[in-house]
Amino acid sequence: MKKSSFGIKLSLLFLVLLLIPSYGWSETSKIAVLPWKVNSAENMDFVKNAMSDMLTSRIGATQTVEMVTADAVKGAVGEKASEISDSLAASIAKKLRADYVIYGSITIFGNSVSLDAKVLGTKDGKVTPFYSKSQGMDSIIGLTEKLASDVVGLTSGIAAPAVPVVAAPAQVITPVAVVAPAPQGEDGFIVTPKEGEKKPVLLRTKPVKGMLKAVAAADLNKDNVKELFLISDSSLIIAKLGANGLDIIKEIKNETGIVNIAVAAFDSDNDGAQEIYVSKINDNKPLGSVIEFRNNDYQTTINGVEWAVRTIQVGKNEPVLIGQSFRKGDGFYGPIRVLKKEGNKVVDKGAFEITLPRKVGIYSFDVFKFTDNGEIDLLVLDDRNYLKIYKKDKNSWEQDWKSHDFFGGTLNNIFFTDERPGATEAEPVAVEGRFFHADLDNDGKAELIIKKNTPGGFGRHAERPSSFTNGEVYSFFWDGALMENWKTKQVGGYMADFFIDDLNNDGAPEINMLVVEGTEKLFGDLKSYILSYKIAL
């Protein structure tokens with residue numbers, strides 16, 4: 001399994017920061033790193049926080065330096081400053097009682113990266129400029145490291161020690177399983193088939209232009225072949241897996257301003273035919289729709305569903321359709337409700353049996369017996385993509401375990417709209433891709449099935465990754481700790497969604513992944529495709 005060179009460099013940088021010896025200063029200096037301006041044709045906002053954090057970590061490695069906290073800087077800068085001028089920097093430094101403030105901009109044009117920085121000393125009012133330039137996104141780490149070293153030298157009068165170069169450790173990968181050689185140069189993937197069984201088969205559809213966000217499978221027209229229902233921001237694409245890949249049957253486009261965020265298949269009215277529930281946001285409010293097969297066509301039968309929806313199964317109970325409210329400022333909020341389709345409406349049938357901890361949204365949890373305590377466990381992906389396990393303590397959930405690694409990872413973000421003059425822009429809300437439980441090996445215990453995307457750019461250090469370089473799917477069981485049952489090999493690109501199903505009714509399920517190529521590139525078109533592998537456990 002190969003890790004991106006940029007991700008390895010970033011990991012090593014923070015390892016090095018922990019190993020760097022402190023260097024003596026004659027007196028303690030209070031230093032603040034102000035917000036950076038990013039000049040780029042692409043959305044590179046994640047660089048702002050990453051630049052500030054890396055500079056703070058590098059300079060703060062000196063024990064006699066007091067770094068001003070990010071919260072204090074944010075409070076002093078306020079929301080109005082899009083670019084820090086010298087006079088504004090001096091004013092902010094005074095508020096923070098800082099001896100030095102660092103500010104500037106980073107420009108990304110094509111493959112060229114340049115950094116313009118300034119250091120303002122409050123005692124003498126002197127502004128010292130720094131400029132450096134290089135090629136490629138990877139060079140941002142080196143440019144930032146050099147700037148930090150120069151700043152230490154300027155503010156202390158002592159040159160900062162050189163950062164040692166640490167060789168990346170060799171990665172030893174023990175394959176979980178092997179399959180027959182796949183077409184188009186793909187190699188082994190998931191599992192070894194049992195004797196006498198057919199070898200797993202790879203299917204990779206031809207890519208379609210644009211970024212698809214989520215997928216659901218259902219046989220709405222009852223022809224014993226499941227259709228795929230794929231959403232982009234503005235469309236629902238209905239397709240089937242054909243000999244040449246994705247055969248598109250129909251596309252249903254949204255009205256302007258309505259954004260798709262999730263899709264689910266469920267027979268809510270128990271008429272023997274599943275419906276497709278498309279969750280959407282319009283003007284910061286949910287506005288979903290229901291698709292059914294009527295009169296030999298896929299038709300929108302319900303509009304204006306007032307919840308973000310999904311399906312879930314608790315224990316051995318029947319699956320249910322659930323929904324949650326959404327609004328600006330809070331994102332997904334309020335109690336989870338059980339929903340049901342009745343005629344031409346989706347109605348609220350009461351509270352969901354599980355009351356979630358505060359800030360746990362509808363797309364970031366699953367509930368099932370996972371650990372060995374005999375009770376239902378609540379598994380949650382938090383807003384930093386750590387996996388947490390909660391156990392019931394009387395009438396509330398108490399966190400019992402937290403992963404050391406990150407899971408999930410999504411580019412499906414809800415951006416708030418506010419057309420009022422001078423309105424501040426709220427942070428977007430992430431819609432995490434699915435994770436779920438299933439007893440795939442038929443041992444009577446459910447496994448956790450979850451994806452893991454590797455961010456590009458500044459990696460997990462960025463507050464909100466804007467790209468991903470590869471993804472994989474894991475199966476975990478619990479044995480006093482999270483234990484790996486199997487995993488797929490990494491798939492190049494961003495794994496937007498995945499599901500496990502027998503799409504061609506041959507009795508063997510497949511892992512079906514919705515993959516997007518090109519998110520890690522500054523320029524170029526995004527392309528989406530379905531990658532499907534047979535599973536033989």
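Only a predicted model underlies this, so the values are computations on that prediction, with no experimental measurement involved. Throughout, residue positions are numbered sequentially from 1 according to the sequence presented. The figures that follow rest on heavy atoms only: side chains count, while hydrogens, waters and symmetry mates do not.
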Going by heavy atoms in the side chains, are [X] and [Y] under 4.5 Å from each other?
X	Y	result
I511	T488	yes
E398	D400	no
L55	L147	yes
Q299	I291	no
W397	V380	no
M495	D497	no
F370	L448	yes
V515	I530	no

Query raised in the report: Between K280 and S289, does a side chain to side chain donor-acceptor pair (under 3.5 Å) hold up when you go through it step by step?
Result: CA-CA 8 Å; K280 309 177 184 183; S289 62; 3.2 Å; yes
Query raised in the report: salt bridge (charged side-chain N to carboxylate O under 4.0 Å, His left out) between D439 and K445: does it pass, once the steps are laid out?
Result: CA-CA 6 Å; D439 183 11; K445 295 182 179 179; over 6 Å; no
Query - K30, NZ: over 12 other non-hydrogen atoms inside 6.0 angstrom - result: yes
Query raised in the report: Counting only heavy atoms not in K250, do more than 12 sit closer than 6.0 Å to its NZ atom?
Result: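 Count over threshold, so yes.
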So, taking the atom named [atom1] in [X] and the one named [atom2] in [Y], what distance separates them when rounded to the nearest 0.5 Å?
X	Y	atom1	atom2	value
Y494	S467	OH	OG	11.5 Å
S52	Y103	OG	OH	14.5 Å
F407	E432	CZ	CD	12.0 Å
K402	Y386	NZ	OH	5.5 Å
L228	I237	CG	CD1	11.0 Å
I238	F293	CD1	CZ	9.5 Å

Pair [X] + [Y]: basic N to acidic O under 4.0 Å:
X	Y	result
K340	E342	no
D377	K391	yes
K213	D233	yes

Query raised in the report: Going through the checks in order, is the side chain to side chain contact (heavy atoms under 4.5 Å, CB included) test met by V314 and F352?
Result: CA-CA 10 Å; V314 180; F352 182 51; 3.6 Å; yes
If you look at every heavy atom in [X] and [Y], which pair is closest and at what distance?
X	Y	answer
L212	V516	O-CG2, 3.7 Å
Q274	D219	OE1-N, 4.1 Å
I261	I231	C-CD1, 3.7 Å
A216	A265	CB-N, 4.2 Å
L246	A239	CD2-CB, 3.9 Å
R434	F499	NH1-CB, 4.0 Å

Judged by atom type as modelled, is there a donor-acceptor pair below 3.5 Å linking the side chain of [X] to the main-chain atoms of [Y]?
X	Y	result
D330	Y333	no
E484	Y474	no
S105	V38	no
D393	S396	no
N512	E510	yes
D501	L503	no
T519	F468	yes
N260	S235	yes
D479	A481	no

Donor-acceptor list for residues 303-312 side chains, cut-off 3.5 Å, not counting sequence neighbours:
{"unit_1": "R310", "atom_1": "NH1", "unit_2": "I362", "atom_2": "O", "d": "2.9"}
{"unit_1": "R310", "atom_1": "NH1", "unit_2": "F365", "atom_2": "O", "d": "2.8"}

Requested in this report: Determine, step by step, whether V259 and N254 satisfy the side chain to side chain contact (heavy atoms under 4.5 Å, CB included) criterion, reporting the C-alpha distance in whole Å, the side-chain angles of both residues, the deciding distance to 0.1 Å, and the verdict.
Outcome: CA-CA 7 Å; V259 179; N254 294 341; 5.9 Å; no
Report task. Go through the steps to decide whether I276 and L220 satisfy the test side chain to side chain contact (heavy atoms under 4.5 Å, CB included), and finish with yes or no. Result -> CA-CA 9 Å; I276 297 299; L220 262 63; 3.9 Å; yes
Query raised in the report: For the rings on F498 and F435, is their centre-to-centre separation under 6.0 Å?
Result: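 No; F435 has its ring centre 6.0 Å or more from that of F498.
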Query raised in the report: When you measure from the centre of the six-membered ring of W401, is the NZ or CZ of K388 under 6.0 Å away and within 45° of the axis?
Result: no
Requested in this report: Dump the intermediate steps for side chain to side chain donor-acceptor pair (under 3.5 Å) on E292 and Y298, then the final yes or no.
Outcome: CA-CA 6 Å; E292 297 179 80; Y298 299 91; over 6 Å; no
Report task. Evaluate salt bridge (charged side-chain N to carboxylate O under 4.0 Å, His left out) for D267 paired with K341, printing each intermediate quantity in order. Result -> CA-CA 9 Å; D267 181 10; K341 178 181 177 291; over 6 Å; no
Query raised in the report: Run the salt bridge (charged side-chain N to carboxylate O under 4.0 Å, His left out) check on D383 and K359 step by step: do they pass?
Result: CA-CA 9 Å; D383 57 3; K359 292 187 177 181; over 6 Å; no
Report task. Starting from the C-alpha separation in whole Å, work towards a yes-or-no answer on side chain to side chain contact (heavy atoms under 4.5 Å, CB included) for Y529 and K527. Result -> CA-CA 7 Å; Y529 64 91; K527 296 180 181 179; over 6 Å; no
Query raised in the report: How about N412 and T410: does a side-chain donor come under 3.5 Å of a side-chain acceptor?
Result: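 The criterion, which ignores hydrogens and geometry beyond distance, is not satisfied for T410 and N412.
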